[in-house]
There are 4 protein chains.
Amino acid sequence: MREKDENRRQHILDVTTKMIISEGISGVTLTKVAKAAGISQSNIYIYFKDKADIVKQTFLSRKQIIGDYLMFHYSPKGSAIENLTLFARALYQFAIEDPDDMALIQQFNASPVLATLDLSQEEAELNFDQIFKELKQGVEDGELREMDPDVILTMGFVTITTYAQRVAAKTIDPVTTPLSAVIDMIIAASRKPA
Amino acid sequence: MREKDENRRQHILDVTTKMIISEGISGVTLTKVAKAAGISQSNIYIYFKDKADIVKQTFLSRKQIIGDYLMFHYSPKGSAIENLTLFARALYQFAIEDPDDMALIQQFNASPVLATLDLSQEEAELNFDQIFKELKQGVEDGELREMDPDVILTMGFVTITTYAQRVAAKTIDPVTTPLSAVIDMIIAASRKPA
Amino acid sequence: MREKDENRRQHILDVTTKMIISEGISGVTLTKVAKAAGISQSNIYIYFKDKADIVKQTFLSRKQIIGDYLMFHYSPKGSAIENLTLFARALYQFAIEDPDDMALIQQFNASPVLATLDLSQEEAELNFDQIFKELKQGVEDGELREMDPDVILTMGFVTITTYAQRVAAKTIDPVTTPLSAVIDMIIAASRKPA
Amino acid sequence: MREKDENRRQHILDVTTKMIISEGISGVTLTKVAKAAGISQSNIYIYFKDKADIVKQTFLSRKQIIGDYLMFHYSPKGSAIENLTLFARALYQFAIEDPDDMALIQQFNASPVLATLDLSQEEAELNFDQIFKELKQGVEDGELREMDPDVILTMGFVTITTYAQRVAAKTIDPVTTPLSAVIDMIIAASRKPA
DNA sequence: CATGAATGAGGATTCATTCAT
DNA sequence: AATGAATGAATCCTCATTCAT
């Protein structure tokens with residue numbers, strides 16, 4: 001019973017995720033969500049406070065998913081460069097396996113709607129603490145370029161996700177332009193020049 | 001007379017731009033646009049076909065602005081690396097001078113709404129033909145890394161705009177982390193390794 | 001044109017008045033008001049800000065009507081007792097001629113809804129300033145009983161309106177129990193005992 | 001067990017009473033009643049048939065309370081005038097001790113909602129049979145003014161309750177304007193003039 | 001006895017759009 | 001060119017009520 005409830009809640013979030021990806025955040029309507037989820041509109045209010053809550057929970061659940069994935073697949077082992085490589089691979093893998101959630105996160109990040117969802121600072125941000133710390137250490141150790149780790153991280157993040165999107169869209173051929181080459185590029189950008 | 005009309009049209013687009021930036025594309029309503037523009041709702045239909053048209057024209061006008069700016073401030077002169085540097089500077093300058101239009105473009109790019117606006121391929125994309133050509137040439141000449149020029153361009157674009165945003169938000173201090181350092185990073189990523 | 005607008009506005013208020021009288025304030029629904037007024041629901045919003053505004057304006061318009069009536073039909077001429085008599089007659093006449101508006105006012109006065117309508121003190125109260133002043137003077141002059149004029153006024157007001165209601169409902173026969181007898185009663189209550 | 005049920009039922013009525021007083025009859029919602037009573041919405045249907053039933057029972061229970069109070073505190077002993085005095089005192093006392101229930105009764109009396117509650121004639125009216133009979137007798141005996149006893153009763157009732165309300169609201173000072181003076185006024189109105 | 005889930009109907013309000021002027 | 005009036009459809013949300021447990 002409890003399980004069934006949670007299932008239905010999840011189902012609503014899934015349906016909303018798909019809707020956001022295909023029609024944008026503006027495209028989300030409770031009428032449409034209810035219809036797509038196969039429930040009555042009023043039923044939604046058992047699981048969520050209001051529309052903003054649905055959107056918020058949708059975002060948080062996808063953030064959770066990507067966070068869990070990275071937590072599981074990325075474990076820093078060696079130098080900052082090595083860790084950056086591992087992280088890039090994990091991120092790429094996620095973007096390939098779960099392009100929907102990736103797209104959703106990116107859409108939220110670009111939209112001012114995120115700011116209206118009264119999320120805590122922590123909730124609003126992707127949790128990249130671990131890799132961020134590694135990068136920071138790398139900069140301090142002189143292994144990485146003297147640069148705000150945030151800029152390095154964003155550069156790497158967007159480069160990887162863009163690459164993954166184009167691979168998925170078959171705009172880029174991963175045979176002639178392999179992931180390793182992209183990672184090399186990121187490393188070249190990040191490593192401290194001799 | 002003609003001129004006056006064009007002014008009013010422009011005014012509507014400006015108002016819409018601000019609205020998209022502050023409230024997202026979903027936040028745009030003709031009611032609000034009319035009120036913000038100080039005209040009557042029905043009046044809008046003299047200048048635009050329907051709501052989708054306003055959104056579309058808003059996007060196109062901002063794309064035009066950034067395109068014009070780069071056209072004017074970026075003229076390729078030398079090697080691919082040199083051109084990339086010039087381009088990065090022009091882009092940074094634009095992002096600092098006109099953060100609103102920059103933000104609008106980025107928001108559109110991340111949103112599926114763009115796809116619903118029946119824009120031609122050409123209309124939908126930022127016109128970076130020139131720099132794209134230079135980069136392509138640079139790759140062919142062996143000056144740049146063997147990599148899809150698109151990936152290089154995206155990497156550079158996002159790195160610069162992210163940096164500019166954080167400078168504007170005072171999250172990054174441009175004295176300790178100057179633009180030149182960011183450009184160095186981009187170049188390191190792009191240049192073909194020895 | 002202007003006239004037509006005002007007519008429609010008035011029409012909405014009239015329809016709302018009838019609805020409040022027959023079904024209570026809780027019975028008012030924009031759907032029903034629109035249907036009864038023969039206009040579309042959204043059209044209402046051209047004339048009124050929201051539902052509360054309709055209810056408020058309905059109350060105010062009826063208050064205005066009773067106020068105008070009394071202003072026109074009651075002009076104090078002599079002693080407090082004489083004036084009280086004149087006032088009672090005017091009030092009775094109004095209650096007979098326009099029982100609907102009378103009923104509406106009474107319903108509002110008994111309901112806490114009135115307090116939620118953010119009316120100014122002045123707007124919320126029936127404007128009985130004139131007779132109130134006369135009564136006060138009468139008390140000071142020793143003509144009337146030493147009593148808060150408000151209590152006298154309320155006593156008189158309710159006695160007259162109750163009487164009028166019962167006459168209208170044919171619960172009381174005005175031949176065997178004429179208005180004059182009721183007024184005598186009110187006077188007996190108000191006059192200072194010898 | 002049985003007792004516990006009755007307690008809960010009473011609790012629901014109490015909660016509803018408060019809600020009606022503070023927000024009007026229109027303000028009553030089963031959702032809110034349930035929340036305020038600390039029970040689940042569906043639970044209400046164990047104790048009451050439907051929403052109308054709750055409202056109806058609320059009214060009846062308060063009518064019962066005021067009736068019981070007067071039954072207990074008012075016992076006619078002498079002439080009509082003396083009885084009227086006793087009754088007025090009892091009524092005043094009740095209005096002071098239990099202003100909520102008094103306010104509820106008055107609100108119902110002014111509202112057409114009462115008519116929709118399919119109450120019998122007897123249920124709908126306040127049970128003032130006793131005093132009514134005394135007044136009628138008084139009129140017949142020539143002790144009271146020749147007047148419909150109903151008008152006398154209403155006059156007296158409203159005068160007392162209005163006075164009590166203003167005393168409670170501290171709009172009237174009971175020291176300078178004591179209850180006895182108000183009763184004198186009522187008596188003056190009721191007594192047959194010499 | 002008690003409740004959480006579920007729902008259809010209806011609530012107020014806003015929207016994009018059209019039309020007469 | 002400009003606008004105020006008008007509206008139907010759609011928005012989010014609440015309501016009273018039922019049902020399975």
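Note on naming: letters A, B, ... go to the chains in the order of the sequence lines (proteins, then strands), and numbering restarts at 1 for each one.
Of the residues near DNA chain E, C/Tyr45 and B/Lys49, the one whose nearest nucleotide (by heavy atom distance) lies more toward the 5' end is C/Tyr45. Of the residues near DNA chain E, C/Lys32 and A/Ile46, the one whose nearest nucleotide (by heavy atom distance) lies more toward the 5' end is A/Ile46. With the nearest nucleotide of DNA chain F identified for both A/Thr31 and B/Ile44, B/Ile44 has the one nearer the 5' end. Ranked by how close their nearest DNA chain F nucleotide is to the 5' end, A/Val28 and C/Gly38 are led by C/Gly38.
Between C/His11 atom NE2 and F/dA6 atom P the separation is 12 Å, expressed in whole Å. When the P atom of F/dC13 is taken as reference, atom CG of A/Asp50 falls 5 Å away, rounded to whole Å. Rounding to whole angstrom units, CE of residue B/Met19 and P of E/dA16 are separated by 10 Å. Across the protein-nucleic acid pair, B/Gln41 atom CD and E/dC19 atom C1' stand 14 Å apart, rounded to whole Å. Look at NZ on B/Lys35: it is 11 Å from C1' on E/dT14, rounded to the nearest Å. In this structure, A/Ile12 places its CD1 atom 9 Å from P of E/dA6, rounding to the nearest Å. To the nearest angstrom, P of E/dT17 lies 13 Å from CZ of B/Phe48. In this structure, CG of C/Asn43 is placed 5 Å from P of F/dT7, rounded to the nearest angstrom.
Among the heavy atoms of the strands lying under 4.0 Å from A/Ser42 is at least one base atom, whether or not backbone atoms are also near. Nucleic acid contact class of A/Val33 (heavy atoms, under 4.0 Å, all strands): none.
The shortest distance between side-chain heavy atoms of C/Ile54 and C/Val28 does not fall below 4.5 Å. The shortest side-chain heavy-atom distance between C/Ile12 and C/Arg9 does not fall under the 4.5 Å cut-off. Considering only heavy atoms from C-beta on, C/Leu30 comes within 4.5 Å of C/Tyr45 through its side chain. Under the 4.5 Å side-chain criterion, counting only non-hydrogen atoms from C-beta, D/Ile20 is not in contact with D/Phe59.
Ranking F/dG8, F/dA5, E/dA12 by closeness to the C/Tyr47 side chain, first place goes to F/dA5. Distances were taken from every side-chain heavy atom of D/Lys51 (C-beta onward) to each of E/dT13, F/dT17, F/dC12; the shortest belongs to F/dT17.
Using a 4.0 Å cut-off, no side-chain N or O of D/Arg8 falls inside it from OP1 or OP2 of E/dC1.
Looking at A/Asp68 and A/Lys63, no side-chain N of the basic residue comes within less than 4.0 Å of a carboxylate O on the acidic one, giving no salt bridge.
In this structure F/dA5 sits in a base pair with E/dT18, meeting the Watson-Crick or G-U test at under 3.5 Å.
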